[in-house]
**Student:** 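Sharing a structure here in structure tokens format.
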There are 2 protein chains.
Amino acid sequence: MTVARPRPCSIANSLAVIGERWSLLALREVFFGVRRFDRIAANTGASRDILTTRLKKLVENGVLAKELYQAHPPRYEYTLTEAGLALHPVLLALKEWGDHYVTEGEAPTVFRHDCGAVLHPRTVCDACSRPVPPDSARAVRIGGVPQRSAADSPGAPSPTDT
Amino acid sequence: MTVARPRPCSIANSLAVIGERWSLLALREVFFGVRRFDRIAANTGASRDILTTRLKKLVENGVLAKELYQAHPPRYEYTLTEAGLALHPVLLALKEWGDHYVTEGEAPTVFRHDCGAVLHPRTVCDACSRPVPPDSARAVRIGGVPQRSAADSPGAPSPTDT
DNA sequence: ACCAGTGGGTTGGAAAAAAAGACCCATGAG
DNA sequence: CTCATGGGTCTTTTTTTCCAACCCACTGGT
């Protein structure tokens, strides 16, 4: 009898690093170019002590780096590491979804892409550059468990009980 | 003197709906085809009471729908609404980031795209279909505040103090 | 009829996390 | 000297979360 342990999963792993309250909002600020504690606190609304522990965690996990910009009263700026920059798609996806399904009225934040158009991100397959609707992705393996590739009836694509 | 109120932001709005612990993992399960309470609880590791309130909230916010599949002992399945399906890019982005920067070893979950290749999502501009690196997006407006369109060097794109 | 099992919760108490706000320290400006 | 700024820390109170147990309405087996 298998004990029900949670599914191994990169989404869960990601959330363990950036999934706590305020973490993503702090990262949003750094993406916006706001790199100092006070401003991040003010713009997110996070309380200072929580923000301190979140930033520390993000630094420990290599998402942010702390850079000294003034010695003596040592003062730091938080900057994005490579891993931090790689979160851009996550934030864009969340913003797009929020604009569409949560925020009422105009989107509070708007970007213009290099190409000149207002930015709306779209997710495509890296190999073929075509869109990836939910049903265009077949599971090869879920949570470490190989999926039968056979014709699973639509609507019940291999529930993966484990 | 402006009182520091948190920035209006669709990312924050999104997180208010799906940002609590377990919410995204529950949604992941529904995307995987796991639609019933017990299985979702087992596969995520969430405790039942928390899962109850999370699912209720997701239903209230129109991300999931509850469908009766058996009367009498009334039993429900949770299915994705249009808004729920639209979260696919968010989950893909989180999975991709986790695979890359958090999970050690092989990715626990792998999808194959319709095109035949193993799925790696990429985010592109909907208008020009080109990639969207962090510095290719210029702020038109952030948190409701218009940005000066002048040449802000990347990395310091108008700190938006509000 | 009796019993175990399944599905979807609810309840109560203990433990952990977050919020709010005061406090601290070093430096620089007026 | 005093105030303001930046980056925290400390304490107290309020919220959440976790955990395990319990409940109810069946269903299927014997």
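Because only heavy atoms are used, hydrogens play no part in the values below, and waters and symmetry mates are left out as well, while side chains stay in. Chain letters run A, B, ... following the sequence lines, proteins first and then strands; every chain starts at 1. Computed from a prediction, not measured in an experiment: that's the story for all the values here.
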**Student:** Given atom CD1 of A:Ile50 and atom P of D:dT12, what is their separation to the nearest angstrom?
**Tutor:**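 Checked: the CD1 to P distance equals 17 Å.
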**Student:** Examine the base of D:dG7 for any acceptor or donor lying under 3.5 Å from a partner atom in the side chain of A:Arg48, and report the outcome as yes or no.
**Tutor:** yes
**Student:** Any side-chain N or O of A:Trp22 below 4.0 angstrom from OP1/OP2 of C:dA19?
**Tutor:** yes
**Student:** Identify whether the distance between the nearest side-chain nitrogen and carboxylate oxygen of B:Glu29 and A:Arg7 falls below 4.0 Å.
**Tutor:**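 Salt bridge: yes.
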**Student:** Using the side-chain heavy atoms of B:Arg21, tell me which of these nucleotides is nearest: C:dA18, D:dT17, C:dG7.
**Tutor:** D:dT17
**Student:** Flag this pair as yes if the NZ/CZ of A:Arg75 is under 6.0 angstrom from the six-membered ring centre of A:Phe37 and inside a 45 degree cone about the axis; otherwise no.
**Tutor:**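 Not satisfied by the 6.0 Å and 45° rule.
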**Student:** Can you tell me the distance, in whole Å, between the CD atom of A:Glu20 and the P atom of C:dA16?
**Tutor:** 15 Å
**Student:** State, yes or no, whether a side-chain contact exists between A:Val17 and B:Trp97 at a heavy-atom distance under 4.5 Å.
**Tutor:**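 Counting from C-beta outward, A:Val17 and B:Trp97 do come under 4.5 Å.
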**Student:** Go through the N and O atoms of the side chain of B:Arg75 and the base of C:dG7, and report whether any donor-acceptor pair is under 3.5 Å.
**Tutor:**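 Yes.
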**Student:** Closer to the 5' end of DNA chain C via nearest nucleotide, is it A:Ala46 or B:Glu77?
**Tutor:** B:Glu77
**Student:** Could you check whether B:Glu106 pairs with A:Arg141 (Lys NZ or Arg NE/NH1/NH2 to Asp/Glu carboxylate O, under 4.0 Å)?
**Tutor:** yes
**Student:** So which nucleotide from D:dG7, C:dT11, C:dG8 ends up closest to the side chain of A:Asp38?
**Tutor:** D:dG7
**Student:** Closest approach to the side chain of B:Tyr69, judged atom by atom: which nucleotide of D:dG8, D:dG7, C:dG8 is it?
**Tutor:**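 Taking heavy atoms from C-beta onward, the closest nucleotide is C:dG8.
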**Student:** Tell me what A:Lys66 touches on the nucleic acid: a base, only sugar-phosphate, or nothing, going by heavy atoms under 4.0 Å.
**Tutor:** sugar-phosphate
**Student:** Is there a side-chain polar atom (N or O) of B:Arg54 under 4.0 Å from OP1 or OP2 of D:dT17?
**Tutor:** yes
**Student:** I need the CD-C1' distance between A:Gln70 and C:dA26, as an integer number of Å.
**Tutor:** 9 Å
**Student:** Starting at atom CG of A:Leu51, determine the distance to atom P of D:dG8, rounded to an integer number of angstrom.
**Tutor:** 9 Å
**Student:** Report yes or no: is there a donor-acceptor pair, N or O only, under 3.5 Å between the side chain of A:Asp49 and the base of C:dA20?
**Tutor:** yes
**Student:** Quick check with a 6.0 Å cut-off and a 45 degree axis cone: is B:Arg35 positioned over the face of B:Tyr76's six-membered ring?
**Tutor:** no
**Student:** Rounded to whole angstroms, how far apart are CZ on B:Arg35 and C1' on C:dG8?
**Tutor:** 17 Å
**Student:** Take the protein atom CZ of B:Arg36 and the nucleotide atom C1' of C:dG5, then report the distance between them rounded to whole Å.
**Tutor:** 15 Å
**Student:** What's the closest nucleotide to the B:Phe37 side chain, out of C:dG9, C:dA19, D:dC19?
**Tutor:**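 Between C:dG9, C:dA19, D:dC19, the one nearest the side chain of B:Phe37 would be C:dG9.
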**Student:** Measure CG/A:Leu55 against C1'/D:dG6 and give the value in whole Å, please.
**Tutor:**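 Distance check: A:Leu55 CG to D:dG6 C1' gives 14 Å.
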**Student:** How many whole angstroms separate atom OH of A:Tyr76 from atom C1' of D:dG7?
**Tutor:** 10 Å
